[in-house]
Chemist: 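Here it is: the structure, laid out below.
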Amino acid sequence: MKKLSLLLTIILFTISGYSQNQSSLNLQPNEKSVVKGEDGKVYAYDEWKLMWFSGKYSVKSLNTNDNKGKPEFLLYKLTAEQTQAMLASMPKPKESLAFPAGKKFDGFKVTDLNGNQFNLEEAKGKIIVLNFWFINCPPCKIEIPFLNEMVDSYKNTKDIIFLAIALDDSVRLQEFLKNNPYKYSIIENGRPISNQYSINSYPTHVVIDKGGKVKFSTYGLAANTVLWIKKSIDESLSTK
């Protein structure tokens, strides 16, 4: 829990610059602040920071204190336009050296935990979305709910392949997935594939366009990582 709180604090400060633009105050919330939703619900520290991290919410000071003198903040949902504005205002996530934009993707053959086979060597015309990860990677776990939400947004689209290349074996993955559903197709024992591309930072995300070239890649976890994955998928879908 301490590691999670520390990681969330780091993430919080990576996006505080944008949120500060939403208010005339420089005051930023912390674990001692009272953060309320628009319906009046008071959110726990880890709850509101994860919602903030999702890129769909922002926080602004109410310029008030509760009866214990704690500063109060409002957690409010951003409009689609505000979310796009946030995306545009933040730096693009750092590119993975293993997958430079425009590079041809050679592909590989894999089978997921459910026995489904994927031949990415012959997947031209499809958009391929990869995530290299492992269970004991804190940022890998934090982003899963947001990646699931993204997958759901494409449920009626047949031209996208979502693959999560895990370093873990099937036994550990099956146990993990009982409490942490992940809507990508999960590939076990993916270290040989990870080593093939010299990946040493996790998570690493890659979007391959319909022409078989790298559209976008990044490593680690930034506040706008998932937004950029989705942006890259949408741009690839719009290309004939």
Side-chain angles (χ1 to χ4, degrees), residues 95-137 139-219 221 225-226 228-240:
E95 183 177 77
S96 168
L97 295 177
F99 296 96
K103 182 179 179 180
K104 184 179 182 297
F105 177 65
D106 294 328
F108 45 82
K109 298 177 182 179
V110 289
T111 302
D112 72 9
L113 289 179
N114 295 320
N116 300 307
Q117 297 181 340
F118 298 88
N119 183 357
L120 303 188
E121 297 172 353
E122 299 178 359
K124 193 172 182 179
K126 300 281 187 179
I127 296 166
I128 303 168
V129 184
L130 304 175
N131 178 20
F132 293 85
W133 70 295
F134 61 96
I135 289 173
N136 288 331
C137 163
C140 298
K141 290 188 286 189
I142 288 173
E143 68 181 3
I144 287 176
F146 308 116
L147 293 173
N148 286 343
E149 192 173 289
M150 179 186 68
V151 172
D152 285 341
S153 72
Y154 295 108
K155 62 183 178 182
N156 295 321
T157 305
K158 298 180 179 180
D159 294 333
I160 309 174
I161 299 171
F162 292 98
L163 294 181
I165 315 297
L167 305 187
D168 311 275
D169 62 34
S170 62
V171 175
R172 294 197 66 210
L173 286 167
Q174 295 286 8
E175 187 63 28
F176 173 80
L177 293 170
K178 288 179 183 178
N179 298 313
N180 302 274
Y182 193 177
K183 296 185 178 181
Y184 277 47
S185 295
I186 312 296
I187 310 301
E188 64 169 315
N189 294 322
R191 190 173 293 280
I193 299 174
S194 183
N195 290 342
Q196 175 184 341
Y197 293 98
S198 301
I199 295 172
N200 51 28
S201 296
Y202 298 88
T204 287
H205 294 279
V206 190
V207 178
I208 310 297
D209 66 20
K210 293 179 181 179
K213 294 184 178 180
V214 175
K215 172 70 175 178
F216 169 76
S217 72
T218 189
Y219 62 92
L221 182 58
T225 294
V226 179
W228 266 94
I229 296 171
K230 192 173 190 311
K231 176 178 184 290
S232 302
I233 293 173
D234 290 342
E235 289 179 354
S236 297
L237 284 172
S238 65
T239 303
K240 295 182 179 180

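Residue numbers start at 1 and run along the sequence shown. Below, all heavy atoms of this structure are taken into account, side chains as well, without hydrogens, waters or symmetry copies.
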Chemist: Say you draw a straight line from CZ of F132 to CG of N200; how long is it, rounded to the nearest 0.5 Å?
Modeler: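 That separation rounds to 12.0 Å.
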Chemist: Using a 3.5 Å distance criterion without hydrogens, assess whether the side chain of D169 forms a donor-acceptor pair with backbone atoms of V171.
Modeler: yes
Chemist: Between the main-chain N or O of S198 and the side-chain N or O of N195, is there a donor-acceptor pair closer than 3.5 Å?
Modeler: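 No: the side chain of N195 does not pair with the backbone of S198.
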Chemist: If I take atom CD1 from residue I165 and atom CZ from residue R191, how far apart are they, to the nearest 0.5 angstrom?
Modeler: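 Between I165 CD1 and R191 CZ, I get 13.5 Å after rounding to 0.5 Å.
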Chemist: Are the side chain of K126 and the backbone of K158 linked by a donor-acceptor contact shorter than 3.5 Å?
Modeler: yes
Chemist: Please step through side chain to side chain contact (heavy atoms under 4.5 Å, CB included) for the pair V214 and I208, ending with a clear verdict.
Modeler: CA-CA 5 Å; V214 175; I208 310 297; 3.8 Å; yes
Chemist: Looking at side-chain heavy atoms only, is the closest gap between Y197 and L130 below 4.5 Å?
Modeler: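 Heavy-atom side-chain distance check fails, nothing below 4.5 Å.
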Chemist: Judged by atom type as modelled, is there a donor-acceptor pair below 3.5 Å linking the side chain of N148 to the main-chain atoms of K183?
Modeler: yes
Chemist: How far does OG of S217 sit from NZ of K103, to the nearest 0.5 angstrom?
Modeler: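 One finds 10.0 Å between OG of S217 and NZ of K103.
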Chemist: Examine distances only and state if a side-chain atom of E143 and a backbone atom of V226 form a donor-acceptor pair shorter than 3.5 Å.
Modeler: no
Chemist: Using a 4.5 Å cut-off on heavy atoms from C-beta on, say whether the side chain of L237 contacts that of I160.
Modeler: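 A side-chain contact exists here, since the closest heavy-atom pair is under 4.5 Å.
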Chemist: Side chain to side chain donor-acceptor pair (under 3.5 Å), that's the test. Do D234 and Y154 meet it? Break it down for me.
Modeler: CA-CA 10 Å; D234 290 342; Y154 295 108; 2.6 Å; yes
Chemist: For G102 and K213, work out which heavy atoms get closest and say how close.
Modeler: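 G102 and K213 have their closest heavy atoms at O-CD, 3.6 Å.
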Chemist: Please report the shortest heavy-atom distance between P181 and I144, naming the atom on each side.
Modeler: O-CG2, 3.5 Å
Chemist: Walk me through whether T218 and W228 qualify under side chain to side chain contact (heavy atoms under 4.5 Å, CB included).
Modeler: CA-CA 9 Å; T218 189; W228 266 94; over 6 Å; no
Chemist: Atom CD of Q174 and atom CD1 of I186: how far apart are they, to the nearest 0.5 Å?
Modeler: 9.5 Å
Chemist: How about Y202 and L167: do any of their side-chain heavy atoms sit closer than 4.5 Å?
Modeler: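 In short, these two side chains touch, coming nearer than 4.5 Å.
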Chemist: If you look at every heavy atom in P203 and N131, which pair is closest and at what distance?
Modeler: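 Answer, listing the atom of P203 first, then N131: CB-OD1, 3.5 Å.
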Chemist: Do F162 and M150 come close enough that some side-chain heavy atom pair is under 4.5 Å?
Modeler: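 Heavy-atom side-chain distance check passes, below 4.5 Å.
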Chemist: Within the side chain of D168, is there an N or O that forms a donor-acceptor pair under 3.5 Å with the backbone of I135?
Modeler: yes
Chemist: For the pair E121 and K109, evaluate side chain to side chain contact (heavy atoms under 4.5 Å, CB included) and give the outcome as yes or no after the intermediate values.
Modeler: CA-CA 7 Å; E121 297 172 353; K109 298 177 182 179; 3.4 Å; yes
Chemist: Quick one: are I127 and K215 in side-chain contact, heavy atoms under 4.5 Å?
Modeler: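 Not in contact.
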Chemist: Search all heavy atoms of D209 against all heavy atoms of S236 and return the closest pair with its distance.
Modeler: CB-OG, 3.7 Å
Chemist: Please report the interatomic distance SG(C137) to CD1(I142), rounded to the nearest 0.5 Å.
Modeler: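 Answer for the SG-CD1 pair, C137 versus I142, is 8.5 Å.
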Chemist: What pair of heavy atoms forms the shortest contact from S170 to L113, and how long is it?
Modeler: CB-CD2, 3.8 Å
Chemist: Under 3.5 Å, side chain of N180 to main-chain N/O of F176, donor-acceptor pair present?
Modeler: yes
Chemist: Looking at S96 and T204, would you say the former's side chain and the latter's main chain have a donor-acceptor pair under 3.5 Å?
Modeler: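 Side chain of S96 to backbone of T204, a donor-acceptor pair under 3.5 Å: no, none is there.
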Chemist: Between Y182 and W133, how do the two ring planes meet: parallel, tilted or perpendicular, split at 30° and 60°?
Modeler: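 It falls in the perpendicular class, over 60°.
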Chemist: Hey, what do you get for CZ (F216) to CZ (F99), rounding to the nearest 0.5 Å?
Modeler: 12.5 Å
Chemist: How far apart are the closest heavy atoms of Y219 and E95, and which atoms are they?
Modeler: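 Heavy atoms only, the tightest pair is CE2-O, 3.4 Å.
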Chemist: If we only count heavy atoms from C-beta on, is the L163 to L120 side-chain gap below 4.5 Å?
Modeler: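 Yes; the side chains approach each other to less than 4.5 Å.
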Chemist: Take atom CG of L97 as the centre, draw a 6.0 Å sphere, and report whether it contains more than 12 heavy atoms from other residues, nucleotides or ligands.
Modeler: no
